[in-house]
Amino acid sequence: MSAAATTHGGSRAIETPEGVVLSFQLAALGSRLSALVVDGLLIGVGMLVPAALILSARGRSGGGWLVALGTMLIFLLRHFYFVWFELNQQGRTPGKRLTGIRVIDARGGQLRAEAVFVRNVTRDVELLLPLFVLVAPSLVAAEKLGVARALSSLWLLAFGLLPLLNRDRMRVGDLLAGTLVVRNPRATLSADLGAAAAASRSEGPVQPAVRFTREQLDMYGIRELHVLADLLRRRDENVARDLATVAEQVRRKIAWDPAGQDVTPRQFLRALYPALRAHLEHKMVLGERQEHKKAGRLQRD
Amino acid sequence: MSGSTIRLKSVEFRRHREPSWRQLEALVAKVESGSMQALDADELSRLPQLYRATISSLSVARAISLDRDLLEYLETLCGRAYVCVYGPRRHVWDALKEFFGRRFPLAIRRARTHVAAAALLLGLGAATGFTLTMVEPERFYAFVDEGMAQGRGPHETTEKLREALYSEGTRRGSDLTAFATFLLSHNARIGMLCFALGVVAGVPVVYLLFSNGLVLGAFAALYQQRGLGVEFWGWILPHGVTELLAVVLCAAAGLMVGESVVFPGPSTRMANLVRRGREAGIMVLGAVAMFFVAAIIEGVFRQQVHDLAARYGLVAASAALWSLYVVLASRESAE
């Protein structure tokens with residue numbers, strides 16, 4: 001069964017340049033935080049190389065070059081790790097890849113280099129500085145005025161909380177760059193329940209002729225169709241019992257007459273699905289979408 | 001109304017189109033497990049075609065099919081393919097050429113009022129620092145803190161100060177490279193910080209610019225009073241032209257962002273912020289490259305060349321080169 005499109009998170013509609021609206025699910029803040037932690041760890045591990053270079057240069061006469069190389073590597077790693085990956089891997093750093101999220105352009109266009117750069121440049125301000133402010137204020141502010149320091153601390157703490165305060169979960173960097181971080185789900189396509197071939201394979205050689213009138217099919221709506229599809233795809237041990245229950249409910253509601261045939265619940269529902277879908281799709285094409293079932297029951301005449 | 005076999009239009013439609021969706025899925029999976037480079041030329045040209053075909057399938061499916069499974073599948077497949085097709089995928093070299101050849105100079109030109117404002121603020125700070133320190137030399141310590149002074153100050157003898165301009169103490173070749181790269185990363189970070197702080201309505205940027213100007217002015221006054229004014233500027237300016245320009249650009253970027261927060265103009269605050277944010281980002285990115293250039297000049301050139309005339313020659317050359325670059329490169333493209 002395909003991945004259910006959960007609504008925890010909220011979806012954002014993006015209009016592609018072709019004029020089609022795609023909806024993406026916003027990434028949960030937890031996923032983003034986990035991705036950040038993973039990326040941070042990777043950067044930290046990566047920093048060991050230049051750190052080793054710099055340490056090995058101590059006391060060596062030609063050591064300056066090693067220190068230079070080390071400093072350059074630290075600088076590049078710290079500032080361009082995110083930019084490099086988000087540009088070359090379609091908006092995914094290793095951390096984001098692990099948690100299944102990615103960066104996209106909020107307006108549906110191409111993800112540009114400066115957007116990726118901008119969204120990452122502000123991370124220093126949002127993340128590292130508030131941390132420093134809390135831990136060691138004197139490291140951050142060279143300013144002499146205590147008031148300025150206090151004010152900037154307040155502002156910086158506010159930035160850290162910004163994703164919690166807006167619907168699009170944008171960080172300051174996302175706001176400036178016009179990007180969104182969304183989930184990257186995969187859906188698999190199961191066999192088509194509407195196709196008759198699927199039925200005959202599993203139901204045995206003799207397929208009873210199960211028919212429904214238009215009046216009977218009118219009793220149910222799109223929501224019930226989807227529930228039926230989910231039910232028919234289930235493979236757990238309770239499914240037989242549920243099939244029997246639902247089949248009986250349907251039989252009573254639409255006053256269906258087996259006309260002397262021996263029809264199992266699964267055969268019954270398996271035949272109902274394509275009939276109901278054809279009926280509802282036909283109505284939909286003509287402009288009528290019936291979302292829900294009708295109340296009451298049909299009378300057997 | 002129906003026989004034992006019902007032919008649904010949506011089933012026919014899916015049967016007809018499914019093979020191409022599977023092809024797209026395979027391509028997308030290939031890209032996602034590696035990168036766009038994982039595709040060969042043939043696959044790369046098929047990707048947009050398959051994407052467009054699948055997007056149109058999605059439109060059709062939304063209109064005629066009630067198979068929720070199918071709709072979710074197409075929706076997510078189109079989403080994944082969309083980020084592949086519209087993700088950044090240019091070759092790095094082309095992107096660099098376009099960036100430095102066109103977009104960076106253009107961004108500077110568009111932001112010229114902010115650049116002018118930033119330069120003015122820096123100049124004001126420098127002038128203030130200069131005049132105040134000339135009047136009262138001890139003020140130097142108020143403007144410049146320990147770390148930046150590195151032992152220089154009004155208490156030093158003139159000889160010591162002159163020496164500092166020409167030999168940098170006992171630093172040797174490789175140490176200078178280390179020093180240069182340290183400066184680069186330090187200044188680039190300050191530049192980026194300047195930009196990022198612009199979000200706070202630009203106030204910290206103004207403060208930073210002014211205070212850096214004060215430092216510059218104080219130093220200038222210190223050396224001026226000892227009669228080393230010309231030497232001082234010959235020491236600062238060769239790399240200083242590039243570096244100060246980069247600082248001004250970063251600050252201008254911060255001011256742009258700050259202004260768009262406070263005065264959104266006709267568009268919504270958010271839309272304006274995004275637009276300005278990207279323009280500003282272009283400037284900062286270019287400025288970081290300029291810091292790089294400045295660090296090379298500072299680290300390598302300055303220690304090798306001691307002749308004042310040569311130093312001033314470089315000052316003139318770098319000022320001219322940057323002006324020409326910005327003016328010419330941004331004029332070529334249609335605005």
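Letters go in sequence order (proteins before strands), and every chain restarts at 1. All figures in this text were calculated on a predicted structure; none of them were measured in a lab.
- The backbone N or O of B/L66 lies less than 3.5 Å from a partner atom in the side chain of A/H226, making a donor-acceptor pair.
- With a threshold of 4.5 angstrom between heavy atoms, B/R52 approaches chain A through side-chain atoms but not through N, CA, C or O.
- Using a 30° and 60° split on the angle between ring planes, B/Y86 and B/Y82 fall in the tilted class, from 30° to 60°.
- For a residue to count as touching a neighbouring chain, one of its non-hydrogen atoms must lie under 4.5 Å from one of that chain's; by this rule A/A229 does not touch chain B.
- Considering only heavy atoms from C-beta on, A/V210 stays 4.5 Å or farther from A/R270 through its side chain.
- Contact of B/E18 with chain A is made through the side chain alone, with heavy-atom distances under 4.5 Å.
- For A/R102 (side chain) and A/K96 (main-chain N/O), no donor-acceptor pair under 3.5 Å exists by modelled atom type.
- When B/D67, B/L8, B/I64 are each tested for a side-chain contact (heavy atoms from CB on, under 4.5 Å) with B/F13, only one passes: B/I64.
- Contact count versus chain A (heavy atoms, under 4.5 Å) is highest, among B/I282, B/L285, B/V284, for B/L285.
- Side chains of A/E18 and A/T16: a donor on one and an acceptor on the other come within 3.5 Å.
- In this structure, no portion of A/F85 lies under 4.5 Å from any heavy atom of chain B.
- Of the atoms belonging to A/L280, heavy atoms from both backbone and side chain fall under 4.5 Å from chain B.
- The contact between B/L58 and chain A is made entirely by side chain atoms (from C-beta outward), counting heavy-atom distances below 4.5 Å.
- With A/D192 contributing its side chain and B/R14 its backbone, the two residues share no donor-acceptor pair below 3.5 Å.
- Heavy atoms closer than 4.5 Å to chain A are found in both the backbone and the side chain of B/S10.
- Minimum heavy-atom separation, B/L77 to B/W21: CD2-O, 3.7 Å.
- Chosen from B/S65, B/A29, B/C78, B/A280, the residue pairing most often with chain A at heavy-atom distances under 4.5 Å is B/S65.
- A/I104 touches chain B through its side chain: at least one heavy atom from C-beta onward sits under 4.5 Å away, while N, CA, C and O do not.
- Contact check for A/V103 versus A/V116: no side-chain heavy atoms found under the 4.5 Å cut-off.
- Taking A/E281, A/R97, A/R92, A/R107 one by one and counting their heavy-atom pairs under 4.5 Å with chain B, the maximum is reached by A/E281.
- When the candidates B/E279, B/K9, B/E25, B/R22 are compared by the number of heavy-atom contacts under 4.5 Å with chain A, B/R22 comes out ahead.
- Interface remark: B/S56 contributes no atoms to any contact with chain A (heavy atom separation under 4.5 Å).
- A salt bridge links A/K283 with A/D218: the closest approach of a Lys/Arg side-chain nitrogen to an acidic carboxylate oxygen falls below 4.0 angstrom.
- Neither the backbone nor the side chain of B/V28 comes within contact range of chain A, judged by heavy atoms closer than 4.5 Å.
- Both the backbone and the side chain of A/L175 come within less than 4.5 Å of a heavy atom in chain B.
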